[in-house]
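FYI, side chains are in, hydrogens and waters are out, and symmetry mates aren't considered; it's all heavy atoms of this structure. Whatever order the structure lists them in is the order used to number ligands and atoms, beginning at 1.
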Amino acid sequence: MSDEPVRLPLVLAEPKGRKKPPPHLADLDAEERKARLVELGLPGFRAKQLSTHYFARLVDDPAEMTDLPAAQREELVAALLPDLMTPLRTLEADKGTTRKTLWRLFDGALVESVLMRYPGRVTMCVSSQAGCGMACPFCATGQGGLQRNMSTAEIVEQVVAGSRALARDEVAGGPGRVSNVVFMGMGEPLANYKAVIGAVRRLTDPAPDGLGMSARGITVSTVGLVPRIRQLADEGIPVTLALSLHAPDDELRNELVPINTRFSVAETVEAAWHYAQTTKRRVSIEYAMMRGINDQAWRADLLGDVLTSYGDWGWVHVNLIPLNPTPGSKWTASDPADEREFVRRLEAKGVPTTVRDTRGREIDGACGQLAAAPDGA
Ligand code: SAH
(Lines give C-alpha, C1' and ligand atoms only; values in the text may rest on other atoms or scores of the structure.)
Protein backbone atom coordinates (compact mmCIF):
# COMPACT_ATOMS: atom_id res chain seq x y z
CA MET A 1 0.00 0.00 0.00
CA SER A 2 2.66 2.49 1.01
CA ASP A 3 4.25 2.74 -2.39
CA GLU A 4 1.10 2.62 -4.40
CA PRO A 5 1.72 5.01 -7.26
CA VAL A 6 -0.64 7.92 -7.66
CA ARG A 7 -1.50 8.41 -11.32
CA LEU A 8 -1.55 12.15 -11.57
CA PRO A 9 -2.53 14.29 -14.52
CA LEU A 10 0.22 15.27 -16.91
CA VAL A 11 0.20 18.88 -15.72
CA LEU A 12 1.69 17.58 -12.48
CA ALA A 13 4.86 16.29 -14.08
CA GLU A 14 7.81 18.40 -13.03
CA PRO A 15 9.68 20.00 -15.89
CA LYS A 16 12.75 17.89 -16.63
CA GLY A 17 16.35 19.01 -16.37
CA ARG A 18 15.84 21.37 -13.46
CA LYS A 19 18.53 21.79 -10.88
CA LYS A 20 17.71 20.71 -7.35
CA PRO A 21 17.81 23.12 -4.40
CA PRO A 22 21.14 22.93 -2.53
CA PRO A 23 21.15 20.11 0.05
CA HIS A 24 20.60 21.43 3.56
CA LEU A 25 20.69 19.82 6.99
CA ALA A 26 16.91 20.13 7.23
CA ASP A 27 16.67 17.68 4.32
CA LEU A 28 18.48 15.06 6.38
CA ASP A 29 18.02 13.26 9.67
CA ALA A 30 20.71 13.38 12.34
CA GLU A 31 22.61 10.32 11.02
CA GLU A 32 22.49 11.51 7.43
CA ARG A 33 23.89 14.90 8.45
CA LYS A 34 26.87 13.27 10.07
CA ALA A 35 27.42 11.02 7.07
CA ARG A 36 27.28 13.99 4.71
CA LEU A 37 30.01 15.82 6.61
CA VAL A 38 32.19 12.73 6.72
CA GLU A 39 31.67 12.26 2.98
CA LEU A 40 33.01 15.77 2.49
CA GLY A 41 36.03 15.05 4.67
CA LEU A 42 34.68 17.11 7.57
CA PRO A 43 34.25 15.98 11.18
CA GLY A 44 30.87 14.27 11.65
CA PHE A 45 30.33 15.54 15.20
CA ARG A 46 30.01 19.09 13.86
CA ALA A 47 26.59 18.12 12.47
CA LYS A 48 25.07 18.34 15.92
CA GLN A 49 26.51 21.81 16.50
CA LEU A 50 25.18 23.00 13.14
CA SER A 51 21.77 21.50 13.95
CA THR A 52 21.74 23.30 17.30
CA HIS A 53 22.45 26.60 15.58
CA TYR A 54 19.71 26.03 13.04
CA PHE A 55 16.89 24.43 15.03
CA ALA A 56 17.52 25.40 18.66
CA ARG A 57 19.29 28.75 18.55
CA LEU A 58 17.70 29.82 15.24
CA VAL A 59 20.99 31.43 14.24
CA ASP A 60 21.55 32.20 10.58
CA ASP A 61 24.73 34.29 10.71
CA PRO A 62 27.88 32.11 10.58
CA ALA A 63 29.72 34.78 12.61
CA GLU A 64 27.58 33.77 15.60
CA MET A 65 28.62 30.12 15.33
CA THR A 66 31.62 30.66 17.55
CA ASP A 67 31.85 27.03 18.68
CA LEU A 68 32.91 26.11 15.14
CA PRO A 69 36.59 26.58 14.30
CA ALA A 70 36.89 29.78 12.27
CA ALA A 71 39.02 28.07 9.64
CA GLN A 72 36.38 25.40 8.98
CA ARG A 73 33.24 27.44 9.58
CA GLU A 74 32.67 28.46 6.00
CA GLU A 75 33.11 24.95 4.73
CA LEU A 76 30.76 23.52 7.38
CA VAL A 77 28.11 26.14 6.72
CA ALA A 78 28.39 25.64 2.96
CA ALA A 79 28.04 21.88 3.46
CA LEU A 80 24.90 21.87 5.60
CA LEU A 81 23.50 25.38 5.90
CA PRO A 82 23.45 26.94 2.42
CA ASP A 83 21.08 29.87 1.84
CA LEU A 84 17.89 28.43 0.42
CA MET A 85 15.69 31.42 -0.08
CA THR A 86 15.66 35.21 0.00
CA PRO A 87 12.79 37.25 1.40
CA LEU A 88 11.67 39.67 -1.32
CA ARG A 89 8.86 41.38 0.55
CA THR A 90 7.07 41.19 3.88
CA LEU A 91 3.57 42.61 4.19
CA GLU A 92 1.77 43.10 7.48
CA ALA A 93 -1.88 43.27 8.42
CA ASP A 94 -4.03 42.98 11.56
CA LYS A 95 -1.74 45.38 13.46
CA GLY A 96 1.35 43.39 12.61
CA THR A 97 -0.01 40.07 13.88
CA THR A 98 -0.38 38.75 10.31
CA ARG A 99 2.78 38.77 8.19
CA LYS A 100 3.06 37.47 4.67
CA THR A 101 6.51 36.88 3.21
CA LEU A 102 7.27 36.48 -0.46
CA TRP A 103 10.33 34.30 -0.98
CA ARG A 104 12.58 33.81 -3.98
CA LEU A 105 14.01 30.30 -4.14
CA PHE A 106 17.46 29.49 -5.53
CA ASP A 107 16.16 29.12 -9.08
CA GLY A 108 13.97 32.22 -9.06
CA ALA A 109 10.73 30.39 -8.19
CA LEU A 110 8.47 32.46 -5.92
CA VAL A 111 6.51 31.16 -2.95
CA GLU A 112 4.75 32.70 0.02
CA SER A 113 4.30 31.94 3.70
CA VAL A 114 2.03 33.63 6.23
CA LEU A 115 2.54 34.00 9.98
CA MET A 116 -0.64 34.48 12.00
CA ARG A 117 -0.52 35.35 15.67
CA TYR A 118 -3.57 34.64 17.81
CA PRO A 119 -3.90 34.89 21.56
CA GLY A 120 -1.93 31.92 22.85
CA ARG A 121 -0.71 30.50 19.55
CA VAL A 122 1.19 31.34 16.38
CA THR A 123 0.35 29.55 13.15
CA MET A 124 2.61 29.44 10.11
CA CYS A 125 0.88 28.77 6.81
CA VAL A 126 3.51 27.26 4.52
CA SER A 127 3.86 26.47 0.83
CA SER A 128 4.86 22.99 -0.30
CA GLN A 129 5.16 23.60 -4.04
CA ALA A 130 5.95 26.59 -6.23
CA GLY A 131 2.60 26.89 -7.95
CA CYS A 132 0.11 24.02 -7.97
CA GLY A 133 -1.06 21.51 -10.53
CA MET A 134 -4.53 20.93 -9.11
CA ALA A 135 -6.18 23.73 -11.11
CA CYS A 136 -9.06 24.48 -8.71
CA PRO A 137 -10.71 27.37 -10.58
CA PHE A 138 -11.48 29.51 -7.48
CA CYS A 139 -7.90 29.42 -6.12
CA ALA A 140 -5.30 32.00 -7.16
CA THR A 141 -2.39 29.54 -7.00
CA GLY A 142 -4.30 27.03 -9.12
CA GLN A 143 -4.39 29.42 -12.07
CA GLY A 144 -0.66 29.42 -12.79
CA GLY A 145 0.02 25.67 -12.84
CA LEU A 146 2.86 23.86 -11.12
CA GLN A 147 6.41 25.15 -11.36
CA ARG A 148 8.11 22.64 -9.13
CA ASN A 149 8.06 20.72 -5.89
CA MET A 150 9.79 22.34 -2.94
CA SER A 151 12.47 20.45 -1.03
CA THR A 152 12.02 19.42 2.59
CA ALA A 153 14.45 22.12 3.71
CA GLU A 154 12.68 24.82 1.68
CA ILE A 155 9.45 23.90 3.46
CA VAL A 156 11.08 23.78 6.90
CA GLU A 157 12.93 27.07 6.35
CA GLN A 158 9.62 28.94 6.15
CA VAL A 159 8.80 27.80 9.69
CA VAL A 160 12.32 28.43 10.98
CA ALA A 161 12.21 31.96 9.51
CA GLY A 162 8.93 32.59 11.34
CA SER A 163 10.38 31.21 14.58
CA ARG A 164 13.42 33.45 14.16
CA ALA A 165 11.32 36.55 13.63
CA LEU A 166 9.33 35.69 16.76
CA ALA A 167 12.40 34.88 18.85
CA ARG A 168 13.94 38.21 17.83
CA ASP A 169 10.82 40.09 18.86
CA GLU A 170 10.13 41.27 15.31
CA VAL A 171 6.45 40.36 15.41
CA ALA A 172 3.82 42.45 17.20
CA GLY A 173 2.90 40.88 20.54
CA GLY A 174 6.39 40.22 21.91
CA PRO A 175 8.79 37.29 21.64
CA GLY A 176 7.23 33.92 21.00
CA ARG A 177 7.43 30.67 19.08
CA VAL A 178 5.56 28.94 16.29
CA SER A 179 3.06 26.50 17.80
CA ASN A 180 1.13 25.45 14.70
CA VAL A 181 1.92 24.80 11.06
CA VAL A 182 -0.69 24.47 8.35
CA PHE A 183 0.15 23.23 4.85
CA MET A 184 -2.35 25.63 3.36
CA GLY A 185 -0.05 27.89 1.38
CA MET A 186 0.82 27.30 -2.24
CA GLY A 187 0.77 23.78 -3.59
CA GLU A 188 -0.79 20.40 -2.97
CA PRO A 189 1.22 18.86 -0.12
CA LEU A 190 0.29 15.26 -0.89
CA ALA A 191 1.50 15.69 -4.50
CA ASN A 192 4.95 16.37 -2.98
CA TYR A 193 4.58 13.59 -0.46
CA LYS A 194 8.16 12.65 0.34
CA ALA A 195 9.38 16.21 0.92
CA VAL A 196 6.30 17.06 2.99
CA ILE A 197 6.71 14.01 5.24
CA GLY A 198 10.38 14.92 5.64
CA ALA A 199 9.33 18.43 6.67
CA VAL A 200 6.77 17.08 9.16
CA ARG A 201 9.52 14.91 10.66
CA ARG A 202 11.92 17.84 10.96
CA LEU A 203 9.20 19.96 12.57
CA THR A 204 8.43 17.26 15.12
CA ASP A 205 11.92 15.80 15.75
CA PRO A 206 13.08 16.91 19.21
CA ALA A 207 15.67 19.74 19.25
CA PRO A 208 18.40 19.94 18.12
CA ASP A 209 17.53 17.40 15.41
CA GLY A 210 14.35 19.30 14.60
CA LEU A 211 12.03 22.01 15.91
CA GLY A 212 10.39 19.76 18.52
CA MET A 213 6.83 20.72 17.67
CA SER A 214 3.82 18.57 18.49
CA ALA A 215 2.32 16.67 15.53
CA ARG A 216 -1.06 17.75 16.85
CA GLY A 217 -0.20 21.31 15.93
CA ILE A 218 0.42 20.40 12.28
CA THR A 219 -2.32 20.32 9.66
CA VAL A 220 -1.87 18.87 6.19
CA SER A 221 -4.53 20.15 3.81
CA THR A 222 -5.28 18.22 0.64
CA VAL A 223 -7.59 18.14 -2.37
CA GLY A 224 -7.90 14.44 -1.58
CA LEU A 225 -5.23 12.27 -3.23
CA VAL A 226 -6.78 9.08 -1.88
CA PRO A 227 -3.77 6.70 -1.95
CA ARG A 228 -1.64 9.37 -0.30
CA ILE A 229 -4.21 9.94 2.47
CA ARG A 230 -4.02 6.21 3.19
CA GLN A 231 -0.24 6.32 3.14
CA LEU A 232 -0.26 9.28 5.54
CA ALA A 233 -2.49 7.34 7.92
CA ASP A 234 0.19 4.63 8.05
CA GLU A 235 3.09 7.01 8.81
CA GLY A 236 2.41 6.98 12.53
CA ILE A 237 2.62 10.79 12.79
CA PRO A 238 -0.76 11.99 13.98
CA VAL A 239 -0.97 15.25 12.04
CA THR A 240 -4.39 16.76 11.50
CA LEU A 241 -5.81 16.09 8.06
CA ALA A 242 -7.84 18.79 6.35
CA LEU A 243 -9.79 17.71 3.27
CA SER A 244 -10.77 20.42 0.79
CA LEU A 245 -14.17 19.08 -0.15
CA HIS A 246 -16.07 22.22 -1.24
CA ALA A 247 -18.99 20.19 -2.61
CA PRO A 248 -20.82 17.07 -1.40
CA ASP A 249 -21.75 15.86 -4.92
CA ASP A 250 -19.51 14.70 -7.77
CA GLU A 251 -21.12 16.88 -10.38
CA LEU A 252 -20.14 20.14 -8.70
CA ARG A 253 -16.92 18.87 -7.14
CA ASN A 254 -15.66 17.76 -10.57
CA GLU A 255 -15.78 21.42 -11.50
CA LEU A 256 -14.47 22.98 -8.28
CA VAL A 257 -11.75 20.42 -7.49
CA PRO A 258 -10.87 18.79 -10.82
CA ILE A 259 -8.97 15.85 -9.25
CA ASN A 260 -12.44 14.68 -8.21
CA THR A 261 -12.80 13.18 -11.70
CA ARG A 262 -10.13 10.71 -10.53
CA PHE A 263 -11.17 10.25 -6.89
CA SER A 264 -14.91 10.64 -6.26
CA VAL A 265 -16.51 12.33 -3.25
CA ALA A 266 -17.37 8.89 -1.82
CA GLU A 267 -13.82 7.53 -2.19
CA THR A 268 -12.29 10.74 -0.85
CA VAL A 269 -14.54 11.00 2.20
CA GLU A 270 -13.99 7.31 2.87
CA ALA A 271 -10.23 7.85 2.89
CA ALA A 272 -10.64 10.79 5.31
CA TRP A 273 -12.81 8.67 7.58
CA HIS A 274 -10.22 5.89 7.48
CA TYR A 275 -7.58 8.49 8.43
CA ALA A 276 -9.63 9.55 11.46
CA GLN A 277 -10.17 5.95 12.45
CA THR A 278 -6.49 5.05 12.18
CA THR A 279 -5.00 8.15 13.80
CA LYS A 280 -7.84 9.02 16.22
CA ARG A 281 -7.47 12.58 14.96
CA ARG A 282 -10.57 14.50 14.00
CA VAL A 283 -10.55 15.35 10.30
CA SER A 284 -11.38 18.83 9.16
CA ILE A 285 -13.54 19.28 6.05
CA GLU A 286 -12.74 22.54 4.28
CA TYR A 287 -15.63 24.12 2.43
CA ALA A 288 -15.18 27.49 0.73
CA MET A 289 -18.60 29.11 0.61
CA MET A 290 -19.36 30.39 -2.91
CA ARG A 291 -22.50 32.35 -3.49
CA GLY A 292 -25.09 30.44 -5.48
CA ILE A 293 -22.59 27.71 -6.31
CA ASN A 294 -22.19 25.36 -3.34
CA ASP A 295 -24.02 27.19 -0.52
CA GLN A 296 -27.61 25.98 -1.05
CA ALA A 297 -29.52 24.55 1.91
CA TRP A 298 -29.94 21.23 0.11
CA ARG A 299 -26.18 20.94 -0.27
CA ALA A 300 -25.75 21.52 3.46
CA ASP A 301 -28.16 18.64 4.07
CA LEU A 302 -26.38 16.45 1.57
CA LEU A 303 -22.98 17.28 3.09
CA GLY A 304 -24.34 16.39 6.53
CA ASP A 305 -25.67 13.09 5.19
CA VAL A 306 -22.43 12.21 3.41
CA LEU A 307 -20.37 12.85 6.55
CA THR A 308 -22.70 11.20 9.06
CA SER A 309 -23.02 8.09 6.89
CA TYR A 310 -19.76 7.04 8.57
CA GLY A 311 -21.29 7.39 12.01
CA ASP A 312 -21.48 10.35 14.33
CA TRP A 313 -18.62 9.46 16.65
CA GLY A 314 -17.06 12.87 16.21
CA TRP A 315 -14.63 11.87 13.47
CA VAL A 316 -15.13 15.04 11.52
CA HIS A 317 -15.89 18.70 11.70
CA VAL A 318 -16.61 21.22 8.96
CA ASN A 319 -14.68 24.42 8.55
CA LEU A 320 -16.51 26.87 6.31
CA ILE A 321 -14.20 29.37 4.61
CA PRO A 322 -15.77 32.56 3.28
CA LEU A 323 -14.55 32.60 -0.33
CA ASN A 324 -11.79 35.09 -0.99
CA PRO A 325 -12.59 36.21 -4.50
CA THR A 326 -9.52 36.05 -6.72
CA PRO A 327 -8.98 38.51 -9.59
CA GLY A 328 -11.07 37.69 -12.61
CA SER A 329 -12.98 34.92 -10.88
CA LYS A 330 -16.72 34.70 -11.40
CA TRP A 331 -17.30 33.56 -7.83
CA THR A 332 -18.04 35.62 -4.74
CA ALA A 333 -18.53 34.89 -1.06
CA SER A 334 -21.88 33.67 0.20
CA ASP A 335 -24.54 35.85 1.69
CA PRO A 336 -24.10 35.78 5.50
CA ALA A 337 -27.71 34.62 5.91
CA ASP A 338 -27.06 31.64 3.61
CA GLU A 339 -23.88 30.90 5.52
CA ARG A 340 -25.79 30.90 8.84
CA GLU A 341 -28.42 28.56 7.39
CA PHE A 342 -25.68 26.25 6.09
CA VAL A 343 -24.14 26.07 9.56
CA ARG A 344 -27.54 25.49 11.17
CA ARG A 345 -28.37 22.58 8.87
CA LEU A 346 -25.01 20.89 9.38
CA GLU A 347 -25.29 21.23 13.13
CA ALA A 348 -28.84 19.92 13.03
CA LYS A 349 -27.33 16.76 11.54
CA GLY A 350 -24.85 16.62 14.38
CA VAL A 351 -21.79 17.86 12.45
CA PRO A 352 -19.72 20.39 14.41
CA THR A 353 -19.18 23.40 12.16
CA THR A 354 -17.04 26.51 12.42
CA VAL A 355 -16.59 29.50 10.13
CA ARG A 356 -12.97 30.38 9.52
CA ASP A 357 -11.74 33.84 10.31
CA THR A 358 -9.95 35.19 7.28
CA ARG A 359 -6.72 36.83 8.27
CA GLY A 360 -4.69 39.03 6.02
CA ARG A 361 -7.24 39.69 3.29
CA GLU A 362 -5.91 43.13 2.52
CA ILE A 363 -2.41 41.79 1.93
CA ASP A 364 -3.70 38.95 -0.26
CA GLY A 365 -2.54 36.59 2.43
CA ALA A 366 -5.84 34.87 3.00
CA CYS A 367 -6.71 31.33 1.91
CA GLY A 368 -6.32 30.78 -1.78
CA GLN A 369 -4.94 34.22 -2.50
CA LEU A 370 -1.28 33.24 -2.50
CA ALA A 371 -0.28 33.81 -6.09
CA ALA A 372 3.21 35.21 -5.54
CA ALA A 373 2.94 38.25 -7.76
CA PRO A 374 6.05 40.21 -6.77
CA ASP A 375 4.55 43.59 -7.65
CA GLY A 376 1.26 42.84 -5.98
CA ALA A 377 -0.48 42.55 -9.35
N1 SAH B 1 -3.77 22.08 -1.97
C2 SAH B 1 -4.22 22.08 -0.59
C3 SAH B 1 -3.81 23.34 0.14
C4 SAH B 1 -4.40 24.53 -0.54
S5 SAH B 1 -4.86 26.00 0.31
C6 SAH B 1 -5.72 21.95 -0.56
O7 SAH B 1 -6.35 22.14 -1.58
O8 SAH B 1 -6.26 21.63 0.50
C9 SAH B 1 -5.85 25.64 1.66
C10 SAH B 1 -7.34 25.85 1.51
O11 SAH B 1 -7.72 27.11 0.93
C12 SAH B 1 -7.97 24.77 0.63
O13 SAH B 1 -9.09 24.28 1.30
C14 SAH B 1 -8.37 25.56 -0.59
O15 SAH B 1 -9.41 24.94 -1.30
C16 SAH B 1 -8.78 26.87 0.03
N17 SAH B 1 -8.91 27.96 -0.94
C18 SAH B 1 -8.28 28.09 -2.12
N19 SAH B 1 -8.67 29.20 -2.75
C20 SAH B 1 -9.56 29.81 -1.94
C21 SAH B 1 -10.28 31.02 -2.02
N22 SAH B 1 -10.17 31.81 -3.08
N23 SAH B 1 -11.10 31.34 -1.01
C24 SAH B 1 -11.19 30.53 0.09
N25 SAH B 1 -10.52 29.39 0.22
C26 SAH B 1 -9.71 29.02 -0.78
Working for side-chain hydrogen bond (donor to acceptor under 3.5 Å, both in side chains), residues N294 and R299: CA-CA 7 Å; N294 65 353; R299 278 206 163 88; over 6 Å; no
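- In this structure, D94 contributes its side chain and G96 its backbone to no donor-acceptor pair below 3.5 Å.
- Between R281 and T240, the side chains place a donor N or O and an acceptor N or O closer than 3.5 Å (distance only, hydrogens not considered).
- Short contacts between ligand 1 and C139, defined as distances under 4.0 Å to a heavy atom of the residue, involve ligand atoms 18 (C), 19 (N).
- The H246 neighbourhood of ligand 1 comprises atoms 13 (O), 14 (C), 15 (O), with distances under 4.0 Å to a heavy atom of that residue.
- Looking at P325 next to ligand 1, no N or O pair under 3.5 Å apart turns up.
- Counting atoms of ligand 1 from 1 in the listed order, those under 4.0 Å from a heavy atom of I321 are 24 (C), 25 (N).
- A single hydrophobic cluster is seen to contain both W298 and V306, as judged by linkage of ILVMFWY side chains at heavy-atom distances under 4.5 Å, directly or through other members.
- Using a 4.0 Å cut-off to heavy atoms of V223, the atoms of ligand 1 that qualify are 6 (C), 7 (O), 8 (O).
- The closest approach between any non-hydrogen atom of M186 and ligand 1 is not below 4.0 Å.
- For ligand 1 and E286, the ligand atoms under 4.0 Å from any heavy atom of the residue are 13 (O).
- Between the side chains of S51 and R33, at least one donor-acceptor pair of N or O atoms lies under 3.5 Å.
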Just do the side-chain hydrogen bond (donor to acceptor under 3.5 Å, both in side chains) check on W103 and T86 with the steps written out, would you? CA-CA 5 Å; W103 301 97; T86 315; over 6 Å; no
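- The nearest non-hydrogen atom to atom 3 (C) of ligand 1, considering only S244, S127, G187, comes from G187.
- A salt bridge links R148 with E154; the closest basic N to acidic carboxylate O contact falls under 4.0 Å.
- In terms of N/O distances under 3.5 Å, ligand 1 is approached by T222.
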